[in-house]
Amino acid sequence: MIAMVDCNSFYASCEQVFRPDLWGKPVVVLSNNDGCIIAANKEAKAMTHIAMFEPMFKIKAQLIKNKVTFFSSNYTLYGEMSQRVMNILETFSPNVEVYSIDEAFIDVTGIVHTSLKQYATLIKDTIVTHTGVPVGVGIAPTKVLAKLANKISKKVEKFNYVCVIDTDEKRIKALKWAQTKDVWGLGKKHQARLKNIGVFTAYEFTQLPLAWVRKEMTVVGERLWRELRGESCIEFQTMPKSKKAIGTSKSFGKKLEDLPRIEEACAYYISEVAEVLRAQKSCATYIQVYVTTNRYSNADKQYSNSCTITIPVPTNNTFILTQHARKALQRIYTPGYRYKKVGVNLTGLIPQQYVQGNLFQSPALYDKRLMNVIDALNHKFGKATVGSALVGTRVEQWELVKKDRSNRYTTQWGELLELKNK
DNA sequence: TCTGGGGTCCTAGGACCC
DNA sequence: TCTGGGGTCCTAGGACCC
């Protein structure tokens with residue numbers, strides 16, 4: 001049996017932990033640049049019918065009218081709170097698969113317990129007691145069914161955030177309850193196609209001939225079909241696999257026209273991804289840089305382009321990566337446009353001990369010690385304390401807008417929660 | 001004026017090899 | 001006139017996830 005634990009509107013919950021005055025009140029969290037909604041708690045959803053990813057400018061007035069509190073995103077805080085939740089889960093089972101920042105699968109096979117329901121309730125209560133973050137727990141024989149159980153635990157009130165599917169009868173009941181949109185892995189496109197052939201519930205989906213599912217929805221669809229019928233075919237992954245690609249791209253706080261500012265942003269993103277690359281002890285073979293204008297803007301001329309460069313000897317050295325990225329950027333940069341975004345991608349990642357030199361260049365040409373020192377300094381004194389001069393010092397010209405960010409309560413001495421004596 | 005960012009997996013098709 | 005059969009590797013694009 002597999003348990004799926006998923007935090008309730010995680011980002012909003014993290015904010016509320018440190019703001020008791022907001023308990024029971026509507027809260028939303030905004031994306032980078034405060035562009036759109038990425039999390040909303042129950043109260044905010046009930047009050048305003050907001051959809052996720054709704055652009056902020058469309059609903060700001062409505063939020064203010066309804067006294068909804070909004071926060072810029074504070075990933076430092078959410079990342080650290082996530083770590084706390086995951087640490088607790090690991091006390092419940094040695095086999096925990098962290099699936100995303102706010103959810104995890106737990107292998108509960110062989111765990112000694114009186115009943116699965118009591119066990120799930122214990123997990124739920126422990127997490128909220130120790131971290132303040134509320135969660136839902138679903139337990140079922142396969143991952144897809146556990147996801148479904150989790151959804152039911154939250155959406156059907158009488159379950160009160162705990163749902164166990166451990167008999168065939170309960171499984172069928174759950175499948176008949178679930179619309180296709182409630183199934184993990186059935187996205188918009190598949191939902192529409194299933195609707196066309198008269199399939200609306202998860203149960204109806206499982207009654208389709210396997211051959212049709214395989215042909216129309218590939219092996220991915222077949223796995224869903226089997227998992228929903230109780231046959232486990234998505235592997236449990238306790239050890240996180242190393243990443244196959246590492247990239248970053250962020251919209252600028254304001255639009256940029258000149259190459260130098262874009263180069264600075266690009267160099268900064270390289271320093272970010274290179275650090276992630278070194279942390280997983282890999283080197284990159286290819287580097288891709290892309291730029292784009294604002295596709296929503298009718299007033300602006302549109303342009304987007306990308307350039308991929310093969311690095312002669314794969315590396316994770318920030319300075320070498322920066323040089324290549326700069327070359328790539330210069331190839332695609334065209335004057336006369338208002339750029340909204342630059343992005344970088346590192347691919348062809350290989351373990352650093354397998355890097356092969358070539359006839360002209362040895363893989364050991366660059367000293368790793370410098371990178372180690374840079375990583376250590378930035379870890380100790382904060383992000384971007386030292387780095388490439390190309391990043392410049394005018395970060396504010398392209399940096400993200402985060403107007404309403406809360407304190408980084410758990411990672412910065414200067415931003416600790418203060419208690420006042422009334 | 002303002003519309004996120006970071007990923008994975010799968011397939012088809014092209015280019016190439018012997 | 002007849003024009004093989006078995007592969008690999010890479011990329012782009014689609015679909016999905018949170």
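What's counted below: heavy atoms across the whole structure, side chains too, no hydrogens, waters or symmetry copies. Chain A is the first sequence line, chain B the second, and so forth, proteins listed ahead of strands; every chain is numbered from 1.
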Quiz item: Cationic tip of K301(A) within the cone over Y337(A)'s six-membered ring, i.e. under 6.0 Å and within 45° of the normal?
Solution: yes
Quiz prompt | Bounds of contact between DNA chain C and chain A, in 5' to 3' order, using a heavy-atom cut-off under 4.0 Å | solution = dA15(C) to dC18(C)
Quiz prompt | Donor-acceptor side-chain pairing of E80(A) and T410(A) below 3.5 angstrom | solution = yes
Quiz item: Taking DNA chain B as the partner, which of residues 214-230 of chain A come within under 4.0 angstrom of it by heavy atom?
Solution: T218(A), V219(A), V220(A), R223(A)
Quiz prompt | Ring geometry between W184(A) and F105(A) (parallel below 30°, tilted from 30 to 60°, perpendicular above 60°) | solution = tilted
Exercise. Starting from the 5' end of DNA chain B, give me the residue, I38(A) or G247(A), whose nearest nucleotide shows up first.
Key: I38(A)
Practice problem: Using a strict cut-off of less than 4.0 Å between a Lys/Arg side-chain nitrogen and an Asp/Glu carboxylate oxygen, indicate whether R261(A) and E264(A) qualify as a salt bridge. | Solution: yes
Quiz item: Which of residues 54-67 of chain A sit near DNA chain B, with a heavy atom under 4.0 Å from it?
Solution: P55(A), F57(A)
Quiz item: Would D107(A) and T109(A) count as having a side-chain donor-acceptor pair, cut-off 3.5 Å?
Solution: yes
Quiz item: Which whole number of Å gives the distance between the P atom of dC18(C) and that of dT3(B)?
Solution: 25 Å
Quiz item: For DNA chain C, which residues in residues 137-147 of chain A have a heavy atom at a distance below 4.0 Å?
Solution: K147(A)
Self-check item: Any side-chain donor near an acceptor of the partner, N378(A) and E275(A), under 3.5 Å
Solution: no
Self-check item: Contacting residues from residues 332-342 of chain A, given that a heavy atom lies under 4.0 angstrom of DNA chain B
Solution: K340(A), K341(A)
Self-check item: Carboxylate-amine/guanidinium proximity below 4.0 Å for K60(A) and E54(A)
Solution: no
Quiz item: Are the aromatic ring centres of Y11(A) and F71(A) under 6.0 angstrom apart?
Solution: no
Self-check item: Stems formed with participation of DNA chain C [Watson-Crick or G-U wobble, under 3.5 Å, three or more pairs]
Solution: B:5-18 with C:5-18
Quiz item: With sugar-phosphate meaning primed atoms plus P, OP1 and OP2, does L186(A) contact a base, only sugar-phosphate, or nothing at under 4.0 Å between heavy atoms?
Solution: sugar-phosphate
Quiz prompt | Exercise: do K42(A) and N8(A) side chains pair donor with acceptor under 3.5 Å | solution = no
Quiz item: Without hydrogens or angle criteria, can the side chains of S251(A) and N33(A) be said to hold a donor-acceptor pair below 3.5 Å?
Solution: no
Exercise. Output yes when K25(A) and E43(A) qualify as a salt bridge under the 4.0 Å nitrogen-oxygen rule, no when they do not.
Key: no
Quiz item: Looking at K176(A) and E204(A), does any basic side-chain N land under 4.0 Å from a carboxylate oxygen?
Solution: no
Quiz item: Is there a donor-acceptor contact under 3.5 Å linking the side chains of E15(A) and Y78(A)?
Solution: yes
Quiz item: Hey, are E257(A) and R338(A) close enough for a salt bridge, meaning a charged N less than 4.0 Å from a carboxylate O?
Solution: no
Quiz item: Would you call K117(A)-D166(A) a salt bridge at under 4.0 Å N-O?
Solution: no
